[in-house]
Amino acid sequence: MIPHTPSETPPPNLSALAEDHYFSANPPPKDLEKHIALAKDFIDFHAAAGRRLVLVTSGGTTVPLEKQTVRFIDNFSAGTRGATSAEYFLEAGYAVLFLHRQFSLLPFSRHYSHATDCFLDFLREGPDGSVIARDEDAGKMLHVLRKYREARDKKMLLVLPFVSISDYLHELRSITRLMRPLGPKALLYLAAAVSDFFVPPERMSEHKIQSTDAADSVLQAKKKVAAATEEEETFDNFDSSPKVPRSKRLVVDLDPVPKFLKNLVEGWSPEGMIVSFKLETDPAILVHKARYSLDRYQHHLVIGNLLATRKWEVVFVSPGNPDKWIRVPRNKALTGASPSTASPALAAETQSDEPLDPKSLPEAEPDLEIESLIIPAVSELHTKYINSIEQRRQQKQLSV
Ligand code: PMT
C-alpha cells in the first residue's frame, strides 16, 4: 500500500458531500424538532427496556413543483404494506415507530379507512340515541379497537407523518441517528415508496406556476391587461397538442434524488438491521435489481415485490442465502389442512423461483395478508442478526 504524503489530500467522500449538499439546500419540515423530541423519548424508553424497535416507513412521497405548493407529483402507494406490517410487528413484540405519508393508511384504523364502504356504514344508531357498531361488524371492530388501545396504552406505537420527499429524508436521517442506543435491536423496514426525482429548490417557483402570462402583464404594464385576459380565456397550458407553442407548455425538469441508503448503512444507523424494498413492474428484472441493491449498499435484506402481485408474493434477497419466495396460497382448496397435507400443486407453486403470472391470480384480495408471513420471517432473520453481533462482541472481549 502506498503511504499518503502530506501533500496528498484524501479522496472526497462523495456520499457525505451529496448528503451535506442535499440537507443544506432543502429545508427541514416545520415539525422536525417536535418529531425528534417525541422519537427520542419513545426510542430511549424502549432501549432502556431492552426491547426490539422497528422503524417502519410507509406511503408515497410528494415532489412539490412550487415552494408554496399547489401542485406536486405523487405515486401510487397507499401505505398498505407499511400499515399492515406495523400491526404484525406489534404482534411479534416489537415497539413500532411508524413514519408515514400524511393521510396514508395507519395501523388499525386502516381496517375502516380508505375502504370502499364508508366508515359510517359500519355504525348504526342505538335505541337510546347512542352510536353503536353494526352487529355483523362489532366482533372485528372490538378486536381491532382492543389491539389499538393496547398498543397506545403500553406506548408501543408512535406515529409520525411526513409529506414531501425532503420531509421524509430529513425525518429518516434524524430518527435513525436517534436509534443508536438500541444497537442491533433496531430494525429499519423501509417500505415507503420514495421518489427518485425532485425539483431542487433553486429551480422551484416560489408561487403557483402560472398557466398564462396574464400576471406578468399586470405587473409589467397596465395597458396589456386586456390582451392578456383575452389570452387566458383561450389558452390551456396543459394541452400538449403540437399546436401549443413549446414556450407555453409546462416542462418539468427533475434532478435525481441522491441515494441515501449508503449513508444510512454506513453512518446514520450503524448497528441496526436494515431491510429495504425493491419495487418493479417487470418480473424479468426484479431479482436482479434486488441483488444489485444489496451488493451496492451492503445492507441486510432486500424484499422484492412486483406492482401487480405484491399482495400475493415477495422475494427475500439476503447476503449468502438463496433467494426465498414468500407466497400466499391462492385458495384454501390448494392449501390443504396442514403443510404436510398440502397439495403437490401448492408445494410446486410455493417453491417455484419464477414470479407468479398476474393473469393467473384471482381478482379478489388474498384470504391471508402476506405481511402475516413476511414479518415472522423478517423477525427470524433479525434474531440471527442480533445473535451474530453478540457473538462478535463476545469474541472481541475474549481476544482483548
Ligand atoms: O403502499 P402499498 O400500496 O402497499 O405498496 C407497497 C410498496 C410496493 C410501495 C412497497 O412494498 C415497496 O416496494 N416500497 C419501496 C418502493 C421503492 O421506493 O423502491 P425503490 O426502488 O425506489 O427504492 C428502493 C430502496 O431504496 C427503498 O427502500 C428506499 O428506502 C431506498 N431509497 C430510495 C430512493 C432514494 N433516493 N434513496 C434511497 O435510499
Side-chain angles (χ1 to χ4, degrees), residues 15-47 53-70 72-75 77 79 82-83 86 95-107 152 155-182 186-204 206 255 257-270 272 274 276:
S15 46
L17 287 176
E19 177 180 334
D20 285 349
H21 179 258
Y22 183 88
F23 285 103
S24 55
N26 291 277
K30 69 175 183 1
D31 285 334
L32 184 63
E33 290 308 316
K34 198 170 90 189
H35 289 178
I36 289 176
L38 288 167
K40 184 169 174 3
D41 184 45
F42 185 75
I43 291 165
D44 290 349
F45 174 75
H46 292 292
L53 186 150
V54 61
L55 169 68
V56 176
T57 71
S58 184
T61 55
T62 67
V63 177
L65 300 183
E66 300 123 344
K67 286 184 185 158
Q68 296 193 37
T69 309
V70 174
F72 54 85
I73 301 172
D74 204 350
N75 65 48
S77 172
V96 177
L97 204 165
F98 188 68
L99 182 62
H100 72 289
R101 161 74 181 280
Q102 188 182 38
F103 307 133
S104 65
L105 290 172
L106 292 173
R152 217 185 51 175
K155 209 179 162 180
M156 292 293 281
L157 176 65
L158 177 66
V159 172
L160 297 177
F162 62 82
V163 177
S164 68
I165 170 71
S166 78
D167 294 355
Y168 168 79
L169 290 170
H170 273 284
E171 298 270 354
L172 182 68
R173 182 172 73 156
S174 303
I175 293 170
T176 51
R177 281 175 169 172
L178 295 172
M179 290 172 78
R180 287 180 186 202
L182 295 158
L187 176 63
L188 278 77
Y189 183 86
L190 307 171
V194 183
S195 172
D196 288 322
F197 302 98
F198 78 123
V199 184
E202 64 273 16
R203 290 212 307 272
M204 210 189 286
E206 173 68 29
D255 277 9
V257 176
K259 290 280 180 195
F260 284 120
L261 210 48
K262 193 170 165 52
N263 308 48
L264 195 72
V265 176
E266 288 176 359
W268 303 352
S269 182
I274 300 176
S276 74

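The residues of the chain are indexed from 1 along the displayed sequence. Predicted model only: the values in this text are computed from it and were never measured.
- Both the sub-6.0 Å distance and the 45° axial angle are satisfied by Arg173 relative to the ring of Phe23.
- You'll find the side chain of Ser276 reaches within 4.5 Å of the side chain of Leu261, heavy atoms only.
- Leu158 contributes atom CG, which lies 13.0 Å from atom CZ of Arg152 (distance to the nearest 0.5 angstrom).
- Taking CG from Leu53 and CG from Leu182, the interatomic distance works out to 5.5 Å, rounded to the nearest 0.5 Å.
- Ile274 and Ser269 get closest at one heavy-atom pair: CD1-O, 4.4 Å.
- The shortest distance between side-chain heavy atoms of Pro107 and Val96 does not fall below 4.5 Å.
- Pro161 has its side chain out of reach of Glu171: every pair of non-hydrogen atoms, C-beta onward, lies at least 4.5 Å apart.
- Remark: the backbone N or O of Asn26 is paired with a side-chain donor or acceptor of His170 at under 3.5 angstrom.
- Asn75 approaches Thr61 most closely through the heavy-atom pair ND2-N, 3.9 Å.
- Between Ser58 and Leu105 there is no side-chain heavy-atom pair separated by less than 4.5 Å.
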Check the pair Leu172, Leu55 against side-chain contact (heavy atoms from CB on, under 4.5 Å), reporting the backbone distance first and the verdict last. CA-CA 9 Å; Leu172 182 68; Leu55 169 68; 3.8 Å; yes
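- At least one side-chain heavy atom of Thr176 sits less than 4.5 Å from a side-chain heavy atom of Leu188.
- Looking at Phe197 and Val63, their side chains never come closer than 4.5 Å, going by heavy atoms from C-beta outward.
- Nearest approach of Phe98 to Ala86, heavy atoms of both residues: CD1-CB, 3.9 Å.
- In terms of heavy atoms, Ala25 sits closest to Pro201 at O-CG, 3.0 Å.
- Rounding to the nearest 0.5 angstrom, the gap separating the CH2 atom in Trp268 from the CD1 atom in Ile175 is 11.5 Å.
- Taken to the nearest 0.5 Å, the CD1 atom of Ile36 stands 3.5 Å off from the OG atom of Ser174.
- Scanning all heavy atoms of the two residues, the minimum distance from Asp44 to Lys40 falls at OD2-NZ, 2.6 Å.
- With hydrogens and angles disregarded, a donor-acceptor distance shorter than 3.5 Å links the side chain of His46 to the backbone of Lys155.
- Panel note: side chain His100, backbone Leu160; a donor-acceptor pair is recorded below 3.5 Å.
- Gly60 approaches Phe162 most closely through the heavy-atom pair O-CE1, 3.4 Å.
- Between Val163 and Thr69, the closest side-chain pair of non-hydrogen atoms is not below 4.5 Å.
- Between the CD atom of Glu33 and the NE2 atom of His35 there is a distance of 11.0 Å, given to the nearest 0.5 Å.
- Between Glu66 atom CD and Phe72 atom CZ the span is 10.5 Å, to the nearest 0.5 Å.
- Arg101 places a side-chain heavy atom less than 4.5 Å from the side chain of Thr62.
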